[in-house]
Amino acid sequence: MGIVRPETKHYRKPAGGWGSVKGIGGILFRERPSPAVLETLTYQNKTGGHMCTSCAWGKPAHPHIFEFCENGAKATVWELTRDRCTPDFFGRHTVTELREWQDYDLELQGRLTQPLRYDSTIDKYVACEWEEAFSGIARELQRIDPKSAIFYASGKAGMEASYLYALFARLYGHNNLPDSSNMCHETTSVGLKTVIGSPVGTCVLEDFDTCDAIFYFGQNPGTNSPRFLHPLQEAVRRGCKIITFNPVRERGLECFVNPQNPAEMLTGHATQLSHMYLQVRPGGDIAALMGLCKHVFRVDRERLGEGGSGVIDRAFVKMHTDGFDGLAQAVHAADWADIERISGLARGELEKAADVYIAAERTIAVYGMGLTQHVHGSQCIGMLIDLLLLKGNIGRPGAGISPVRGHSNVQGQRTVGITEKPELVPLDKLAAMFDFDPPRETGLTTVDVCQGILDGSVKAFVSLGGNFVRAIPERDAMEAAWGNMALTVSIAIKLNRGHLVHGRTAYILPCLARSEQDMQAGGAQTVTVEDSFSHVHGSVGKRTPAGKNLRSELAIVAGLAKATLPAHPKWRWDEWTADYGAVRELIAETYPDEFHDFSARMFEPGGFYRGNKARERIWLTASGKAEFTCPTVLSALGVGDAPGRFHLITMRSNDQFNTTIYGFSDRLRGLDGSRMILLINPDDMVRAGVKEGDIVSLVSDAGDSVHREVTGLTVTPFSLPDGCLGGYYPEMNPLIPLWLHDVASKTPGSKGVPVRLKA
Ligand SMILES: Nc1nc2c(c(=O)[nH]1)N[C@H]1C(S)=C(S)[C@@H](COP(=O)(O)OP(=O)(O)OC[C@H]3O[C@@H](n4cnc5c(=O)[nH]c(N)nc54)[C@H](O)[C@@H]3O)O[C@H]1N2
Ligand SMILES: Nc1nc2c(c(=O)[nH]1)N[C@H]1C(S)=C(S)[C@@H](COP(=O)(O)OP(=O)(O)OC[C@H]3O[C@@H](n4cnc5c(=O)[nH]c(N)nc54)[C@H](O)[C@@H]3O)O[C@H]1N2
Ligand SMILES: [Mo]
């Protein structure tokens, strides 16, 4: 296949606006869904409708007329396509042949309609019946040590299916329940838990109505959570100041035209979002935060010296925190020259940003993958909390920490027990409820799973959604080792690469999409999801399913469990499948404080809040207080600078959802036509001796002498800090060493990958 050269245009238009309307039009044209889809979209993210399967952004109690964004519409239209990937398709193509296809072309085949079993004699997937699939999978699972099996979840399945999936794993005998969080916000789950005692953010949507400043780190709302642009726009109009830290000048953080406001659409009048936009170097946020804290301490000293009241909220610090003196010393000792070099930002800029923090009564800190996907990501989060604690910015309205979560129910899956960390699950309660002895040992994270597949100790991989093989680091080695597993099972709605790199026995089990009606013996069912603000929402699918032989995720999980495990009077798989309300009762019994009266509350407008102790200033940490922490490093990168070495950021376009590629346009960055591109700044192009349009390779420069390479990348000039490159996820994943991960949580370091350019 020839190389498609990208077209680079300088995108001067704001995020939102007519561009987003065109984006929706494009996918409607390609997927040709039934006209009823438009009706589905009008119910999306509203009480009684279905909750979008794209991102986990909050669903307001008072929604807009259209409470969906360009990407939410794409996600719905993508799952409601008219195209079908039937057994005939698999009859025409061997798996070896399909492995040569692009990810985009695989998903383009449409919805899977029939359970499929891999037949090695003909190297093809062949149709099978559900009971045959369940018993075939059960046979394999019964043959192996349960501790060598992995049950992965990607973050989309609702609370009910997720609860049963985790229960199935534990009844079968393991805690190997990694989910996509392990590649994403696990840094949050571990880092935030340590310092404030909560594994999730403390803000609710309404906090954005009253904050005075938003410190915004490494999250890209224009692409990844576009409905966030509305509260940001409203905040700016009230006078709130947004200070952005991001190596890339993301259009969505610069300016926005609200596509739902006719006057704005007609006049093109955009709102400037960021008050300051600081192009921090990748991994430079610890240093930048240190600079901000340094200025806060200095101004505090000056004001106290003048007889004023200082900047630091000493009453809060005294009553609610631990470790203040240690932080004060570390801040005092930090050197501005190091801060400037590592952050790539000038002292004057950082002081100006810190002045905004000092002046603001209420500050929210927002962050995403730009902080979590680094080797010292947990320390970044610790430092961000330090900044907030100095002025008591946690536990009062209009203030707090707000990690923006990814998959639509990724947070909820963790809440109801999909975790490899048994200490987060009420195992004794489960033991009593289901009359068994739950496994107590820690399960495997995503990185551990990959190591286990490489060393042969992992024998079976079951995945509830997702495309694990495409999403993980070290892809070439991982794909090569994948086939050594005895069993792979994928519960999916469309064909993806992960199905083609399979174990000796392999099944694909096609499921309903969330927007489709889920009819069971007890009638039409509702599922529930939890958003980034810990609000839980009922979701009702209304569209006719894409095929008669599809089953819901919950029915598939229950079917697998029933076939694999012995019969037991307390394990009522059929009853739970008939009525998901029965599963919500189990969830309520397991987590009564948060989920009491679950079914009665799930349609509360705006969702019901399951609460957050840190928001009430109850700190569930080791010391019982919020912890100030001192970073041990100023750079979050795992591999430092060296001549010729670049730090690669792997990024998302607005035409993809993770490994699902909707198209080849990255409109908001002015890039179009190809994803095999290398973004680099013009000075670095000169230093590296390359020019626009050259085709180059990237090779690993991680110092471990492993050869990793991605070829065929078109050099594309772009505004980036020196020494930093940009490329797309998942295309760049072969370059990420498996060992390059956050020290505390093992989240892969996908935003600081050490590489070298090869002409
Ligand atoms: N349309 C769409 N929506 C999505 C997704 C998608 O793929 N497509 N994915 C979903 C998922 S699972 C997730 S987790 C979220 C991800 O959403 P985000 O958290 O926004 O993740 P990314 O786009 O990977 O990266 C975020 C930003 O970090 C910046 N960055 C990179 N390195 C650094 C750094 O060292 N410091 C700082 N300060 N910034 C840095 C990048 O330039 C980028 O703008 O989105 C969800 N929503
Ligand atoms: N280099 C690099 N790597 C990364 C990242 C990065 O920023 N850079 N980001 C990481 C992050 S944040 C994440 S979350 C992971 C994502 O990793 P995953 O969650 O494993 O991957 P996805 O691409 O979201 O999964 C897509 C597949 O899910 C299936 N699917 C879609 N809808 C449904 C549904 O309703 N039900 C079921 N059962 N299946 C469905 C489809 O078959 C589709 O092909 O990737 C991580 N990998
Ligand atoms: Mo994610």
Side-chain angles (χ1 to χ4, degrees), residues 53-57 69-72 74-75 78-79 103 106-107 112 152-157 161 179-185 216-226 244-250 252-253 278 280-285 288 367-374 377 380 403-408 410 446 463-473 490-499 509-514 553 556 636-637 647 649-660 662 720 724 726-733 735-736 747-748 750-753:
T53 49
S54 194
C55 78
W57 185 251
C69 67
E70 173 184 354
N71 292 316
K74 280 183 189 166
W78 175 87
E79 66 185 31
D103 299 32
L106 294 174
E107 296 214 16
L112 295 161
Y152 169 72
S154 130
K156 280 195 169 161
D179 80 349
S180 63
S181 252
N182 281 124
M183 301 178 247
C184 179
H185 268 291
Y216 208 112
F217 289 82
Q219 201 272 337
N220 184 11
T223 291
N224 298 324
S225 48
T244 297
F245 294 81
N246 196 316
V248 181
R249 289 198 75 91
E250 301 288 17
L253 285 162
L278 302 171
V280 63
R281 292 189 68 202
D285 303 273
Y367 69 92
M369 299 300 100
L371 293 200
T372 64
Q373 294 180 333
H374 278 298
C380 265
V404 182
R405 303 298 301 241
H407 275 297
S408 55
V410 67
T446 284
S463 65
L464 179 54
N467 190 3
F468 190 80
V469 127
R470 226 35 172 179
I472 52 180
S490 199
I491 301 168
I493 69 173
K494 288 195 180 179
L495 179 64
N496 67 40
R497 176 80 183 181
H499 308 144
L509 306 178
C511 65
L512 292 175
R514 199 186 290 156
E553 289 172 315
I556 296 171
L637 295 172
H647 305 287
I649 299 178
T650 58
M651 41 201 220
R652 299 167 154 80
S653 79
N654 75 313
D655 222 4
Q656 76 182 91
F657 190 93
N658 296 339
T659 69
T660 296
Y662 298 126
L720 286 171
C724 161
Y728 287 117
Y729 147 59
E731 286 79 355
M732 298 292 158
N733 283 36
L735 293 166
I736 310 174
T747 306
S750 310
K751 297 292 186 267
V753 186

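Side chains are part of it too, since the values below use all heavy atoms of this structure and drop only hydrogens, waters and symmetry mates. Each ligand, and each atom within it, is numbered from 1 in the order the structure gives.
The shortest N or O to N or O distance between His374 and ligand 1 is under 3.5 Å. Between Asn224 and ligand 1, at least one pair of N/O atoms sits closer than 3.5 Å. Close N/O approach between Asp285 and ligand 1 is found [any backbone or side-chain N/O within under 3.5 Å]. For a threshold of 3.5 Å applied to N or O pairs, the pair formed by Gly283 and ligand 1 contains at least one separation below that value. In terms of N/O distances under 3.5 Å, ligand 2 is approached by Ile491. Where the criterion is an N or O separation shorter than 3.5 Å, residue side chain and backbone included, Lys751 meets it with respect to ligand 1. For ligand 1, the polar-atom distance check against Ser54 finds no nitrogen or oxygen pair separated by under 3.5 Å. Ligand 1 has no nitrogen or oxygen under 3.5 angstrom from a nitrogen or oxygen of Cys184. The shortest N/O to N/O separation between Gln373 and ligand 1 does not fall below 3.5 Å. Of the polar atoms of Arg405, none of the N or O atoms is found under 3.5 Å from an N or O of ligand 1, judged by distance alone. Residue Glu79 has no N or O atom closer than 3.5 Å to an N or O atom of ligand 2.
Ranking protein heavy atoms by distance to atom 21 (O) of ligand 2, first place goes to Asn467 N, 3.5 Å. For atom 12 (S) of ligand 1, the nearest non-hydrogen atom of the protein is Asn658 ND2, 3.3 Å. Ranking the protein heavy atoms by distance from atom 42 (O) of ligand 1 puts Asn246 OD1, 2.7 Å first. For atom 47 (N) of ligand 2, the nearest non-hydrogen atom of the protein is Ala471 O, 2.8 Å. The protein heavy atom nearest to atom 14 (S) of ligand 2 is Ser180 CB, 3.6 Å. Here the protein heavy atom with the shortest distance to atom 10 (C) of ligand 2 is Met183 O, 3.4 Å. The protein heavy atom nearest to atom 29 (C) of ligand 2 is Gly466 N, 3.8 Å. Atom 13 (C) of ligand 1 has its closest protein heavy atom at Gly406 CA, 3.2 Å. Looking only at protein heavy atoms, the nearest one to atom 4 (C) of ligand 2 is Tyr729 CE1, 3.2 Å. Protein heavy atom closest to atom 34 (C) of ligand 1, with residue, atom name and distance, is Gly370 O, 3.2 Å. Here the heavy atom of the protein found nearest to atom 1 (N) of ligand 2 is Asn733 OD1, 2.7 Å. Protein heavy atom nearest atom 31 (C) of ligand 2, with residue, atom name and distance: Lys156 NZ, 3.7 Å.
Annotation: side chain of Asn733 is not in contact with side chain of Pro473 (no heavy-atom distance under 4.5 Å). Residues Pro730 and Arg497 are not in side-chain contact: their nearest non-hydrogen atoms beyond the backbone lie 4.5 Å or more apart. Between Val248 and Leu720, some side-chain heavy-atom pair lies under the 4.5 Å cut-off. When side chains are defined from C-beta on, Tyr729 does not count as touching Lys751, because their heavy atoms never get closer than 4.5 Å. By the 4.5 Å heavy-atom criterion applied to side chains, Asn467 and Asn658 are not counted as neighbours. Using a 4.5 Å heavy-atom threshold, the side chains of Arg652 and Asn224 count as touching. Contact of the Pro221 side chain with the Tyr216 side chain is registered, since non-hydrogen atoms from C-beta on lie closer than 4.5 Å.
When all heavy atoms of Cys724 and Ile649 are compared, the pair lying nearest together is SG-CD1, 3.7 Å. Across all non-hydrogen atoms, the minimal contact from Thr53 to Lys156 is O-CE, 3.1 Å. Minimum heavy-atom separation, Ile556 to Ile491: CG2-CD1, 3.7 Å. Contact between Met183 and Pro748 at its shortest, heavy atoms only, is CA-CD, 3.7 Å. When every heavy atom of Asn71 is checked against every heavy atom of Asn654, the shortest pair comes out as OD1-O, 3.0 Å. Lys494 approaches Leu112 most closely through the heavy-atom pair C-CD1, 3.5 Å.
Taking a cut-off of under 4.0 Å to the non-hydrogen atoms of Met369, the atoms of ligand 2 that pass are 12 (S). The contact set between ligand 2 and Ser154, taken as ligand atoms under 4.0 Å from a residue heavy atom, comprises 19 (O). If you number the atoms of ligand 2 from 1 as listed, the ones under 4.0 Å from a heavy atom of His407 come out as 14 (S), 19 (O), 24 (O). In summary, the atoms of ligand 2 found under 4.0 Å from a heavy atom of Cys511, numbered by their order in the structure, are 36 (N), 37 (C), 38 (N). Atoms of ligand 2 found under 4.0 Å from any heavy atom of Tyr152, numbered from 1 in the order shown, are 17 (O), 18 (P), 19 (O), 20 (O). With ligand atoms numbered from 1 in the order given, ligand 2 contributes 37 (C), 38 (N), 39 (N) to contacts under 4.0 Å with heavy atoms of Gly465. Applying the 4.0 Å criterion to heavy atoms of Phe468 picks out, from ligand 2, the atoms 20 (O). For ligand 2, the atoms lying closer than 4.0 Å to a non-hydrogen atom of Asn496 are 27 (C), 42 (O), 43 (C), 44 (O).
For the residues Gln656, Met651, Glu250, the heavy atom positioned nearest atom 43 (C) of ligand 1 is part of Glu250. Scanning Leu735, Thr659, Leu106, Thr650 for the heavy atom closest to atom 22 (P) of ligand 2 points to Thr659. Closest to atom 26 (C) of ligand 1 by heavy atom, among Gly155, Gly726, Gly218, is Gly218. For atom 40 (C) of ligand 2, the candidate residues are Leu464, Ile493, Thr446; the nearest heavy-atom contact is made by Ile493.
Of the heavy atoms in Glu107, only side-chain atoms (C-beta onward) come closer than 4.0 Å to ligand 2. Using a 4.0 Å cut-off between heavy atoms, Arg514 makes no contact with ligand 2 at all.
Judged by the shortest distance from any of its heavy atoms, Asn654 lies outside the 4.0 Å radius around the atoms of ligand 1. The closest approach between any non-hydrogen atom of Glu553 and ligand 2 is below 4.0 Å. Within the structure, the closest approach of Lys494 to ligand 2 falls below 4.0 Å when heavy atoms are considered. Assignment of Ile736 to the shell around ligand 2 is supported, since a heavy atom sits closer than 4.0 Å.
When only modelled atom types and interatomic distance are considered, Arg405 and Ser181 share a side-chain donor-acceptor pair under 3.5 Å. Judged by distance alone, the side chains of Gln219 and Ser225 do bring a donor and an acceptor atom under 3.5 Å apart.
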Report task. Check the pair His407 / Cys184 against side-chain contact (heavy atoms from CB on, under 4.5 Å), numbers first and verdict last. Result -> CA-CA 10 Å; His407 275 297; Cys184 179; over 6 Å; no

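Between the OG atom of Ser154 and the CG atom of Leu464 there is a distance of 7.5 Å, given to the nearest 0.5 Å.
When the options Lys74, Arg470, Glu107, Glu79 are evaluated for a side-chain hydrogen bond (donor to acceptor under 3.5 Å, both in side chains) with Thr660, the one that passes is Glu107.
Using bins of under 30°, 30° to 60° and over 60° for the plane-to-plane angle, the ring pair Tyr152/Phe468 lands in the perpendicular bin.
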